[in-house]
Peer 1: 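Before we start, here is the structure in question, set down as structure tokens.
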2 protein chains.
Amino acid sequence: MATRNLNSHRSIQDNLLKRIHSGEWQPGSLIPTEAALADEFGCARTTVNRALRQLASEGLVIRKRHSGTRVALTPIRKATLEIPIIRHDVEMRGHTYNHMILKSEALQPPLWVQVRTGLKHHDKMLYLQTLHLSDNRPYMVEDRWVNLNAVPQIEAAPLHEISPNEWLVRKVPYSRGEISFSASLADEEIAGILETKLSAAIFVIERSTWMGDTSITTLKMYYPENYRLTTVL
Amino acid sequence: MATRNLNSHRSIQDNLLKRIHSGEWQPGSLIPTEAALADEFGCARTTVNRALRQLASEGLVIRKRHSGTRVALTPIRKATLEIPIIRHDVEMRGHTYNHMILKSEALQPPLWVQVRTGLKHHDKMLYLQTLHLSDNRPYMVEDRWVNLNAVPQIEAAPLHEISPNEWLVRKVPYSRGEISFSASLADEEIAGILETKLSAAIFVIERSTWMGDTSITTLKMYYPENYRLTTVL
DNA sequence: TTGACATATATGTACGCACATAACAATATT
DNA sequence: AATATTGTTATGTGCGTACATATATGTCAA
């Protein structure tokens, strides 16, 4: 049939999207059932189902059994942030990447790490401070704590060749994570490493990951003021 | 059949995920074909297809026609950030929300707005400065520019009752957006409004939205140092 | 050797059907 | 009147089949 490809789930999705965006279907209102839409488009219900499922996963419609499908009250758009390997970040900007391990010692975790990871003060953790460089200029400082009970192999890893960030992302799986963003002022240590003024604005990303219930690693990343994290909606 | 529900796309997905996380399937390696997996699980290929499609949409596997499916080299985990109505943000923390329009005037856009929106200096824009309050204490300042050619109705909106943020999110659809995060220092104006010290750390979110090619609105949000934006992976 | 062509293969998509499941509605039962 | 029971409805899921499409590989001829 010639009309086959007109009925692809993709074009149906576009069509439905248009009605939502144009205001034909107001936020909160019920839209026709899958069967009705399938009838209208002259396609199988499974095809409409797929289109609607996709729209639901993007948060544009809310689906409930029996009740039907309605346009989301707040068309919550989601921004997706990828968790990158820093080296890729730098190289994608066309710069050359390097890193330096500034500190590496097995320590007892300070309080904020204990709180975040759920580990106790007597648990063995590896503290790593890494400077990431872009074209040999400071790009970001990373303060990382690794749970040695969960990741003992890291003590044998060649962290001078492959950064802790990349090594962990590649080698150690995790099932759950948390990330948060904030702003703070540079203290003496950070200002010294990043070569900024004391009390310069610092963009901070904190991230913790777990595998099941056991903490893998938790870290703070400090970016100088000129850094911008950008993403599309 | 009793084994029917064992073959749901969800459990298949979990099963595949386990193999990726356990390292049984290394990053970059080819995994069995849909047909082979369908055979192994004793289900239809369409079911395996759905499981793999979902994993691909989450960035865990890369699929190519003919070549097959392989585990992503960087099992890129994505964090999803919702674009909230500020009022909900505040109320979810159990505080009461208020807002105040500090400035509201039709102006020619400054250069940074022109760059971001693609509009020219002679285009009519509405400049709105809004203070968002949590329990009557400053929570965030919003500097917003609205394209009056695209959204003329905003001049008649009751912005003292419903904040520009909420009004726009509810009433004006957009098809494309960009969001970025950074840190900066409080200037006199921002420090005054947020009641922080001069040169305090400020967390900045910038957001622009378009409908097709026409800019809708662009804004900067200034949060005081104690603010943290948190999300799960 | 090179390029044009055919072929095999793995994923992509659509269909029609069947049954599962949640939620609401109407009815029957205590 | 309060509680079970049953039915209806819209979405959720799975199956088997068919065909589409991109791409790697092999084949043959210029």
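Only a predicted model underlies this, so the values are computations on that prediction, with no experimental measurement involved. Labels below follow one simple rule: chain letters A, B, ... track the order of the sequence lines, proteins then strands, and each chain is numbered from 1.
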Peer 1: Salt bridge check: are B:R19 and B:E40 linked by an N-O gap of less than 4.0 Å?
Peer 2: yes
Peer 1: For the pair made of CZ in B:R65 and C1' in D:dT25, what is the distance, rounded to whole Å?
Peer 2: 18 Å
Peer 1: In whole angstrom, what separates A:L55's CG from D:dT11's P?
Peer 2: 13 Å
Peer 1: Taking the side chain of A:T46 as heavy atoms from C-beta outward, which of C:dG12, C:dT21, C:dC15 is closest to it?
Peer 2: C:dC15
Peer 1: From CD of A:E34 over to P of C:dC17, roughly how many Å is that when rounded to an integer?
Peer 2: 16 Å
Peer 1: What's the CG-C1' distance between A:L30 and D:dT11, to the nearest Å?
Peer 2: 12 Å
Peer 1: Between A:R63 and A:H66, which residue's closest nucleotide on DNA chain D lies nearer the 5′ terminus?
Peer 2: A:H66
Peer 1: Using the closest heavy atom to pick a nucleotide of DNA chain C for each, name whichever of B:K64 or A:R45 lands nearer the 5' end.
Peer 2: B:K64
Peer 1: Tell me: CD of B:Q54 to C1' of C:dG12, nearest whole Å?
Peer 2: 16 Å
Peer 1: Verify the distance criterion only: is there a donor paired with an acceptor across the side chains of A:N49 and A:R53 at less than 3.5 Å?
Peer 2: yes
Peer 1: Is the shortest distance from a Lys or Arg side-chain nitrogen in A:R63 or A:E34 to a carboxylate oxygen in the other one below 4.0 Å?
Peer 2: yes
Peer 1: For the side chain of B:C43, starting at C-beta, report the closest nucleotide among D:dT11, C:dG16, D:dC15.
Peer 2: D:dC15
Peer 1: Rounded to whole Å, how long is the line connecting atom CG of A:N49 with atom P of C:dA18?
Peer 2: 18 Å
Peer 1: Would you mind classifying the nucleic acid contact of B:R50 as base, sugar-phosphate or nothing, using non-hydrogen atoms under 4.0 angstrom?
Peer 2: sugar-phosphate
Peer 1: Between A:R228 and B:E206, does any side-chain N to carboxylate O distance fall below 4.0 Å?
Peer 2: yes
